[in-house]
Amino acid sequence: MYSSESRNRFARSEAGLSLSHDSREVQLPVSVQIGLQCGCQLTPGRRMSVNADSTEPLWMPRVAVVGAGISGLICARRLQEQGFQVTVFEKSRSSSGRAATRRVDLSLSFDHGAQYFTVRDPLFSQFVEAWVERGIVAVWTGRIVDIDGRTARPKTDQPVRYVGVPGMTAMARHLAASAAVQFETRITRLDRGENDWTLTDSAERTHGPFDHVVMSLPAPQTADLIPGHILEDVVRAVPMTPCWAVLMGFERRIELAWDGAFVQNSPLAWLARNSSKPGRDKSVDCWVLHASPTWSAAHQEDEPQLVQETLQAEFAQLTGSRLPPSIHFAAHRWLFSATPLSLDQQALFDPQSGLVVCGDWLASGRVEGAFRSGVAAADCLIGQIVRDSR
Ligand SMILES: Cc1cc2nc3c(=O)[nH]c(=O)nc-3n(C[C@H](O)[C@H](O)[C@H](O)COP(=O)(O)OP(=O)(O)OC[C@H]3O[C@@H](n4cnc5c(N)ncnc54)[C@H](O)[C@@H]3O)c2cc1C
């Protein structure tokens with residue numbers, strides 16, 4: 001995939017920025033740093049490759065984006081707006097990654113990944129405002145508490161919490177509608193030729209050639225796909241913790257004075273009445289429980305049935321509730337849920353090979369981090385084209 005010669009060439013570069021974790025120190029060579037947080041600004045809506053006076057054919061860089069979560073899709077959209085030819089590859093049948101909704105039937109749906117999102121970044125704020133206007137996103141006014149032991153106290157900080165409507169997948173679905181996404185295509189290998197990239201999927205089909213590749217997966221999954229590349233070590237050094245989610249639908253409403261709870265000192269870390277979110281069916285009382293990172297890691301290999309029963313019992317004890325008969329009951333394990341590190345690299349870029357790495361884990365996690373990282377990844381490539389054209 002990558003020749004040892006190119007690996008040695010990269011290894012000789014002078015070391016620059018470093019990333020520390022578990023007493024391992026990962027050095028990022030200077031050539032990679034050039035692209036970090038390049039954040040170049042282009043006039044919105046103007047294509048860099050269009051030159052009205054030129055008779056030369058337009059050069060439209062070909063980009064493969066691996067992953068159709070929020071980061072990959074916003075990156076694809078930003079590149080497309082600037083005239084890049086973008087193809088997104090997604091292993092699942094639909095987009096959205098960890099901002100996921102499991103729809104069991106019309107009245108039963110569960111946001112079993114991201115629960116809601118908050119907004120600080122000005123560009124993200126513009127997008128969210130537009131999504132609110134179009135009904136893709138709404139404010140969740142659920143009552144949120146902190147629970148420690150059996151005591152529930154209203155949370156003191158109450159940021160505006162947004163959710164996708166009718167599920168958390170709404171934002172990604174909207175972004176994917178204007179992108180060329182190849183679903184059910186799991187990329188298993190990247191090959192860098194002299195000037196371009198070829199991708200291979202799990203059915204041994206090849207895709208390409210591409211001038212650039214953007215990886216937008218959780219860090220461990222990206223690291224596995226770039227063995228020997230200059231960015232592999234820095235990406236592999238980022239740990240991601242698992243999270244068990246339990247999805248429960250009840251015949252009758254559980255009478256509690258709150259809709260969401262952050263839990264301390266328990267196997268559970270978060271409880272949410274999914275049906276209290278805007279645009280959800282209210283006829284079934286749907287709940288999502290998230291186990292803490294520590295509990296999830298300790299029980300990573302447990303059977304889903306055992307996880308369901310254990311966490312449901314914990315929920316009943318915490319809330320002091322006698323639970324009504326359940327209509328639906330399932331557990332889902334997120335293997336790479338979040339990183340405990342607080343990184344703000346936004347995106348990693350190796351201009352020599354044309355590889356960009358993005359994902360929430362590079363920008364403080366969460367939906368907003370995924371958005372910011374996807375934007376930064378696109379801006380790395382746009383910035384390079386602008387520099388090359390000078
Ligand atoms: C349990 C849980 C709770 C969370 N709670 C919140 C919250 O309350 N608020 C918040 O803001 N954020 C929350 N998050 C985080 C939020 O979901 C993520 O930050 C965000 O969705 C990450 O987007 P992404 O595009 O970076 O990655 P992902 O969403 O992981 O997207 C990666 C995509 O790549 C695809 N893929 C993987 N491997 C391949 C391959 N080989 N080939 C092709 N495609 C591939 C995946 O299927 C996926 O669609 C939570 C996450 C989890 C798991």
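Given the structure is predicted, the values throughout are model-derived calculations rather than measurements. Atoms within each ligand, like the ligands themselves, are counted from 1 in listed order.
The residue among S216, G369, A272, S202 with a heavy atom at the shortest distance from atom 32 (C) of ligand 1 is S216. For the residues R98, R161, E90, H332, the heavy atom positioned nearest atom 28 (P) of ligand 1 is part of R98. Closest to atom 16 (C) of ligand 1 by heavy atom, among P218, A114, P242, is A114.
Taking 4.5 Å as the limit, some side-chain heavy atom of V263 sits within range of a side-chain heavy atom of L318. Within the 4.5 Å cutoff, side-chain heavy atoms of M168 are placed close to those of F117.
Residue Q221 touches ligand 1 through its side chain alone, judged by heavy-atom distances below 4.0 Å. Residue contacts with ligand 1, taken as heavy atom pairs separated by less than 4.0 Å, involve S96 solely via the backbone atoms N, CA, C and O. Heavy atoms from both the backbone and the side chain of S71 come within less than 4.0 Å of ligand 1. Within the 4.0 Å heavy-atom criterion, neither part of E368 lies near ligand 1.
Residue H290 places no N or O, backbone or side chain, under 3.5 Å from any N or O of ligand 1. Ligand 1 has no nitrogen or oxygen under 3.5 angstrom from a nitrogen or oxygen of G359. Annotation: V367 places an N or O atom under 3.5 Å from an N or O atom of ligand 1; distance criterion only. Looking at ligand 1, you won't find any N or O of S337 less than 3.5 Å from one of its N or O atoms. Not a single N or O atom of W334, backbone or side chain, sits closer than 3.5 Å to an N or O atom of ligand 1.
For A245, the heavy-atom gap to ligand 1 stays at 4.0 angstrom or more. T188 does not count as a contact of ligand 1, since none of its heavy atoms falls under 4.0 Å from the ligand.
Outside the 6.0 Å centre-distance limit, the rings of W334 and H290 are not counted as a close aromatic pair.
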Check against salt bridge (charged side-chain N to carboxylate O under 4.0 Å, His left out), R366 and D360:
CA-CA 6 Å; R366 314 209 146 258; D360 63 330; over 6 Å; no
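Near G113, meaning under 4.0 Å from one of its heavy atoms, ligand 1 places the atoms 2 (C), 3 (C), 4 (C), 5 (N). Which parts of ligand 1 touch T185 is read off a 4.0 Å heavy-atom cut-off, strictly below it: atoms 42 (N), 43 (C). Atoms of ligand 1 lying under 4.0 Å from any heavy atom of V66, numbered from 1 in the order shown and given with element: 42 (N), 43 (C).
At least one cation-pi condition fails for R62 and F210: the charged atom is not both under 6.0 angstrom from the six-membered ring centre and inside a 45 degree cone around its axis.
Of the residues listed (W270, F110, F315), the one engaging W287 in a ring-ring contact (aromatic ring centres under 6.0 Å, His included) is F315, and it is the only one.
Summarising the local packing, CZ of R253 is surrounded by more than 12 heavy atoms from other residues, nucleotides or ligands at distances under 6.0 Å.
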